[in-house]
Amino acid sequence: MRELKKIWMDGKFVDWRDAKVHVLTHGLHYGYSIFEGIRCFSTSKGPAIFRLKEHIERFLNSAKIYRMDLGYTGKEIEEACKDQIRLNGKAESYLRPIAFTSYGEMGLNPLKNKISVAVASWEWGPYLGRDATERGVRATVSSWVRIDSRALPLQAKCAANYANSALAKMEAIAAGYDEAILLNSHGVVAEGPGENIFRVKDGILSTPPASSGILRGITRDTIIQFAQDLDVKFYRNDSTKEELYTSDELFFSGTAVGVAKIREVDGRKVGNGEWSITDKLQKLYGKATHGKEKRYEGWLTRVKA
Ligand SMILES: Cc1ncc(COP(=O)(O)O)c(C=O)c1O
């Protein structure tokens, strides 16, 4: 990771190297930390943060679910995100708001500890590599089952959820794949470790419903809006492992990953090399995030110099 200059921590900007916590920080021990992943893009009118409001709303909802009193309003956190970009001077950045129980008491009652809030950012290319956009990645269906919302609330982006993601990711890498696809406890497709999944079959686009145990991705929502605007037939439905194998097109969506083609699942080639719907959606995503589509201008928060 390349160091930038500043990180917003508990209400003020500190030098990158001073943005530290104690080893007995409560959230570090018990996974009691919520976060967001947001991207800022360069546009002809300067840096613009994509769907900032929706990300901050999800951040506040995560805090609410976990009974965290952030001590900052959504507006204040939005301003911190904008200032973070402004001060570090990197338009193409990944923003990471995070809140966690800080140093103080140990034990399983987090309510005794003060909540620390920070907004960091760094330069981060597409999470699965640039090749994922063009050529696509090789994925495998994980032996790890996606956590169930009766155990951990999936609509809260909590660090604890990502232990499940990391197990699936490591298993995929160890088996020579790029990424995992997790099924839920009913055996139907849920999502990737850090991204949602879409499928195209016979010209119809589909994605698992929120009830399948996924994070309701903001990129997923963006793709659904694009499908409507492009007159692509779309529905939310469950699919099985074998339906992944027989898809015409498959792709991951997420802030970190963007829109990444899946070219193979468990050694089966996806489709026949035609990506007509994915290509259209991918192209529109690139234009909308970079301020080249007027009708999606409302999704951009401009960062003024
Ligand atoms: C588990 C999981 N699913 C899906 C997503 C995609 O969400 P978004 O498009 O809001 O980045 C993410 C990323 O935040 C994630 O961590």
Side-chain angles (χ1 to χ4, degrees), residues 31 33-41 49-63 65-66 81 93-99 119-122 124-128 132-133 137 139 142 144-149 151-170 172 179-185 188-199 207-227 236 250-260 262 281-282 284-286 288-289 296 299-301:
S33 144
I34 55 142
F35 65 93
E36 263 309 313
I38 313 172
R39 275 196 193 269
C40 183
F41 296 90
I49 306 174
F50 191 63
R51 305 202 67 175
L52 177 63
K53 279 193 176 20
E54 291 86 344
H55 280 284
I56 299 305
E57 193 184 330
R58 192 169 68 186
F59 189 58
L60 297 183
N61 284 336
S62 297
I65 291 168
Y66 275 100
C81 289
S93 302
Y94 184 87
L95 278 157
R96 168 57 51 81
I98 184 163
V119 179
S121 63
W122 65 91
W124 210 16
Y127 170 63
L128 293 173
T133 315
V137 295
S142 185
W144 295 98
V145 169
R146 190 69 179 138
I147 38 174
D148 190 298
S149 66
L152 283 168
L154 287 158
Q155 299 313 322
K157 227 174 128 53
C158 179
N161 299 359
Y162 291 86
N164 174 251
S165 296
L167 287 167
K169 178 85 187 180
M170 288 187 290
E179 190 55 302
I181 298 169
L182 291 113
L183 307 182
N184 67 19
S185 55
V188 296
V189 176
E191 60 182 342
E195 55 287 299
N196 295 117
I197 189 165
F198 282 83
R199 169 177 194 254
T207 197
S211 56
S212 68
I214 58 164
L215 180 75
R216 242 185 249 256
I218 291 161
T219 320
R220 173 180 176 271
D221 181 74
T222 302
I223 297 293
I224 294 170
Q225 183 64 51
F226 287 168
R236 293 170 183 82
L250 273 182
F251 63 89
F252 286 123
S253 75
T255 301
V257 80
V259 178
I262 305 171
L281 295 166
Q282 210 175 45
L284 194 50
Y285 182 72
T289 51
Y296 305 118
W299 282 342
L300 299 175
T301 298

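Just so you know, ligand 1 is whichever comes first in the structure, and atom 1 is the first atom listed for that ligand.
Between Gln155 and Asn61 the shortest side-chain heavy-atom distance does not fall below 4.5 Å. Annotation: side chain of Ile49 is not in contact with side chain of Arg39 (no heavy-atom distance under 4.5 Å).
Asp148 and Ser185 share a side-chain donor-acceptor pair at under 3.5 Å. Judged by distance alone, the side chains of Arg146 and Ser165 do bring a donor and an acceptor atom under 3.5 Å apart.
At the top of the distance list for atom 14 (O) of ligand 1, counting protein heavy atoms only, stands Lys157 NZ, 2.7 Å. From the protein, the heavy atom lying nearest to atom 12 (C) of ligand 1 is Gly194 O, 3.3 Å. Scanning all protein heavy atoms for the shortest distance to atom 9 (O) of ligand 1 gives Thr219 OG1, 2.6 Å.
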Can you check side-chain hydrogen bond (donor to acceptor under 3.5 Å, both in side chains) on Thr222 and Arg51, steps first, answer last?
-> CA-CA 9 Å; Thr222 302; Arg51 305 202 67 175; 2.9 Å; yes
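Using a 30° and 60° split on the angle between ring planes, Trp299 and Tyr296 fall in the parallel class, below 30°.
Those atoms of ligand 1 with a heavy atom of Glu191 less than 4.0 angstrom away are 1 (C), 2 (C), 3 (N), 4 (C). Those atoms of ligand 1 with a heavy atom of Asn196 less than 4.0 angstrom away are 4 (C), 6 (C). Proximity to Gly217 (heavy-atom distance under 4.0 Å) selects the following atoms of ligand 1: 7 (O), 8 (P), 9 (O), 10 (O). With ligand atoms numbered from 1 in the order given, ligand 1 contributes 1 (C), 15 (C), 16 (O) to contacts under 4.0 Å with heavy atoms of Tyr162.
Contacts with ligand 1 closer than 4.0 Å are made by no heavy atom of Ser165, backbone or side chain. Residue contacts with ligand 1, taken as heavy atom pairs separated by less than 4.0 Å, involve Glu195 solely via the backbone atoms N, CA, C and O.
The two residues Cys158 and Phe35 have their closest heavy-atom pair at C-CE2, 4.3 Å. Pairing each heavy atom of Gly192 with each of Phe252, the nearest pair is CA-CE2, 4.0 Å.
Heavy atoms of Arg146 come nearer than 4.0 angstrom to ligand 1 in at least one pair. Distances from ligand 1 to the non-hydrogen atoms of Arg58 include at least one value under 4.0 Å. Using a 4.0 angstrom heavy-atom cutoff, Pro193 counts as in contact with ligand 1. Heavy-atom separations between Glu54 and ligand 1 are all 4.0 Å or longer.
The shortest N or O to N or O distance between His55 and ligand 1 is not under 3.5 Å. Polar contact with ligand 1: present for Ile218 (N/O pair, distance under 3.5 Å). Between Thr255 and ligand 1, a contact under 3.5 Å exists for at least one N or O pair.
With Asn196 contributing its side chain and Thr207 its backbone, the two residues share no donor-acceptor pair below 3.5 Å.
By the 4.0 Å N-to-carboxylate-O rule, Arg96 lies too far from Glu36 to be salt-bridged with it.
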